[in-house]
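Every number for a ligand or one of its atoms is a count from 1 in the order of the listing. Below, all heavy atoms of this structure are taken into account, side chains as well, without hydrogens, waters or symmetry copies.
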Amino acid sequence: MQDDSDLPPALPPSPDEADEPREGRRTVFAALGAAAGLAGLTAGCAAPPLSAASSPALPNAPAPRGRLEGQSVLVTGAARGIGRAICLAAAREGADVLGFDIAGPASRHVGSPPSTPGDLAETERLVQSLGRRFLSVQGDVRSRPALARAVDQAVGAFGKLDGVVANAGIMVPEGIAEVSDEGWRDVLDVNLTGTANTFRAAIPAMAARRRGRMVAIASVLGRMGAPISPQYNASKWGVIGLVKSAALELGGRGITVNAVSPTGVNTALLRNARQYAAVTPRAVPGRVPESVAAAASRALHPLGVPWVEPEDVAAMVMFLLSEEARYVSGASFDVTAGLGGIYTA
Ligand SMILES: NC(=O)c1ccc[n+]([C@@H]2O[C@H](COP(=O)([O-])OP(=O)(O)OC[C@H]3O[C@@H](n4cnc5c(N)ncnc54)[C@H](O)[C@@H]3O)[C@@H](O)[C@H]2O)c1
């Protein structure tokens, strides 16, 4: 796994979350683990790691290579959150990265503060500190010409484009009875049309080499209903439909297309007051403390966490970008801490 020092800083725990007794959490984990029949599996994990002395390097062994060595990847929504984690994971796997982000307000209806040029610059700094090249492009995924120019830049600088990750997205946490026309449109335009724009921009460069990997970040809310944000759900169901259709169309050109569908992820999109109010039963009056929203969310997840980390999503994306996934296409892969068990196959 990754060295903690390389990880983007996690959002700080809220005061009420920080107070939560650790022992209590362990008990819940233990109970869930036992209930899920995991005891036998985890027992093996308790073995001490092999020491350098007991596992000497093979003489003349080649240096370990990343799964994306020599490749290049374009990632949208790269300034922070899941996009930044994907950029860093790709760099660790050996890829050069073009990070594309609006780095500013995408809609006045979202619950989280906008990302900034400073956030995108920090992603650049972190990727470069891993010894990989990073091209930083400020742009809006609603503009297909802007994405086409970004693809040209990546091909110009890196020589080719191996993978594209359509990650940029927004959440407007308002019900169908209350959402404005503009709020509805913003979500569909960024999440669904923005994903299509990203894929469409990458097709020529990938088809020319008869090789490419496309990954979209959908959501668990693209696989089930939820009374939180119908525009968000509709956009993510649409993303999965787009992925499946594009996989059928583009397979003949050597391009795989897949989606990753996470549950709540520890990012600004999720951890904000409007989101907490939207996901917590209306019986809770007034401002919803993070601890209340987190407890409600934890209760939904068989693995006992309120949300997963951006790196958990990035790990799945790395598999889909890699050669290991050469025959994996047209599918959506859950990272849901078990919540995905509630919907049909
Ligand atoms: N955080 C979650 O709980 C969660 C769960 C499931 C899926 N997702 C999806 O993961 C993706 C990343 O979300 P995140 O949690 O990292 O959110 P985030 O808000 O932390 O980051 C999203 C990034 O996308 C950028 N962006 C937004 N609109 C853009 C546009 N029009 N053009 C270019 N860039 C734009 C933002 O500036 C920001 O840097 C989104 O598609 C989101 O829907 C998130």
Side-chain angles (χ1 to χ4, degrees), residues 8 10-11 74-87 99-123 136-144 146-147 150 165-173 185-195 197-198 215-224 226 228-229 231-233 235-240 259-272 275-276 278-279 293-294 297 301 305-314 316-317 332-337 339-340:
L11 295 175
L74 185 155
V75 181
T76 68
R80 69 180 186 195
I82 297 169
R84 178 184 284 172
I86 292 168
C87 291
F100 184 101
D101 202 294
I102 195 168
S107 165
R108 58 198 177 106
H109 303 282
V110 301
S112 51
S115 72
T116 65
D119 292 329
L120 189 54
E122 177 63 2
T123 302
S136 174
V137 176
Q138 197 171 351
D140 191 329
V141 293
R142 285 167 285 199
S143 166
R144 195 161 63 85
L147 283 159
V165 185
N167 162 76
I170 57 172
M171 157 67 93
V172 172
R185 253 196 322 270
D186 286 349
V187 173
L188 271 292
D189 287 353
V190 174
N191 295 6
L192 179 53
T193 307
T195 298
N197 285 342
T198 307
V215 181
I217 306 304
S219 169
V220 70
L221 297 180
R223 307 205 63 199
M224 58 186 270
I228 301 169
S229 174
Q231 53 281 357
Y232 186 85
N233 280 47
S235 73
K236 296 299 187 179
W237 279 77
V239 164
I240 294 173
V260 176
S261 296
T263 187
V265 185
N266 182 10
T267 71
L269 180 146
L270 178 76
R271 295 184 69 178
N272 65 78
Q275 190 70 18
Y276 294 151
V279 300
S297 181
H301 295 104
V305 288
W307 42 66
V308 300
E309 297 299 322
E311 290 73 21
D312 296 311
V313 182
M316 181 66 85
V317 174
S332 173
F333 294 86
D334 291 351
V335 183
T336 63
L339 174 59

>> Please list the nearest protein heavy atom to atom 28 (N) of ligand 1 with its residue and the distance rounded to 0.1 Å.
In response: Ala106 CB, 3.4 Å

> At a 4.0 Å threshold, what atoms of ligand 1 neighbour a non-hydrogen atom of Ala79?
Replying inline: 39 (O)

>> Nearest non-hydrogen contact with atom 30 (C) of ligand 1 belongs to which option: Asp186, Thr198, Asp140?
In response: Asp140

> Which residue supplies the protein heavy atom nearest to atom 40 (C) of ligand 1, what is that atom called, and how far is it?
Replying inline: Asn167 O, 3.1 Å

> Is the closest side-chain heavy-atom distance between Lys236 and Asn191 below 4.5 Å?
Replying inline: yes

>> Students should be able to answer this: which protein heavy-atom is nearest to atom 17 (O) of ligand 1, and at what distance?
In response: Leu269 CB, 3.4 Å

>> Considering non-hydrogen atoms of the protein only, which is the closest contact for atom 43 (O) of ligand 1, and what is the distance?
In response: Tyr232 OH, 2.6 Å

>> Among all protein heavy atoms in this structure, tell me which lies nearest to atom 32 (N) of ligand 1, with the distance rounded to 0.1 Å.
In response: Val141 N, 3.0 Å

>> Please list, in number order, the atoms of ligand 1 under 4.0 Å from a heavy atom of Gly264.
In response: 3 (O)

>> Could you walk me through whether Val141 and Val190 satisfy the side-chain contact (heavy atoms from CB on, under 4.5 Å) test, starting with their C-alpha distance in whole Å, then the side-chain angles of each, then the deciding distance to 0.1 Å, before giving a yes or no?
In response: CA-CA 6 Å; Val141 293; Val190 174; 4.1 Å; yes

>> For Thr76, state whether at least one heavy atom is located under 4.0 Å from any atom of ligand 1.
In response: no

> What are the atoms of ligand 1, with element, lying closer than 4.0 Å to any heavy atom of Leu270?
Replying inline: 3 (O)

> Between Ser261 and Ser219, is any pair of side-chain heavy atoms under 4.5 Å apart?
Replying inline: no

>> At less than 4.0 angstrom from any non-hydrogen atom of Ser219, what atoms of ligand 1 do you find?
In response: 6 (C), 7 (C)

>> Please check: side-chain N/O of Arg84 versus main-chain N/O of Ala78, any donor-acceptor pairing under 3.5 Å?
In response: no

>> Looking only at protein heavy atoms, which one is nearest to atom 1 (N) of ligand 1, and what is the separation?
In response: Thr267 OG1, 2.9 Å

>> If you measure every N or O of Ile102 against every N or O of ligand 1, does any of those distances drop under 3.5 Å?
In response: yes

> Below 3.5 angstrom, do we get any N/O pair linking Ser115 and ligand 1?
Replying inline: yes

> Side chains of Thr76 and Asp101: is there a donor and an acceptor less than 3.5 Å apart?
Replying inline: no

> Could an N or O of ligand 1 be found under 3.5 Å from any N or O of Gly77, whether backbone or side chain?
Replying inline: no

>> Students should be able to answer this: which protein heavy-atom is nearest to atom 19 (O) of ligand 1, and at what distance?
In response: Arg80 NH2, 2.9 Å

>> For atom 7 (C) of ligand 1, tell me which residue out of Gly104, Ala218, Gly169 has the closest non-hydrogen atom.
In response: Ala218

>> Does the residue Lys236 have a heavy-atom contact with ligand 1, meaning some pair of atoms that are separated by less than 4.0 Å?
In response: yes

>> I'd like to know whether ligand 1 has Gly194 as a neighbour, heavy-atom separation below 4.0 Å.
In response: no

> Where the closest heavy atom to atom 36 (C) of ligand 1 is concerned, which of Asp101, Thr263, Asp119, Ile82 has it?
Replying inline: Asp101

> Judged by non-hydrogen atoms, does Gly139 sit under 4.0 Å from ligand 1?
Replying inline: yes

>> I'd like to check which ligand 1 atoms, numbered from 1 as shown, lie under 4.0 Å from a non-hydrogen atom of Val190.
In response: 28 (N), 31 (N)

> Would you call Trp307 a ligand 1 contact, heavy-atom distance under 4.0 Å?
Replying inline: no

> Is there a side-chain contact between Arg142 and Ile102 (heavy atoms, below 4.5 Å)?
Replying inline: yes

> Of the protein's non-hydrogen atoms, which lies at the shortest distance from atom 4 (C) of ligand 1, and what is that distance?
Replying inline: Val265 CG2, 3.9 Å

> Is there a donor-acceptor pair under 3.5 Å between the side chain of Asn233 and the backbone N or O of Leu221?
Replying inline: yes

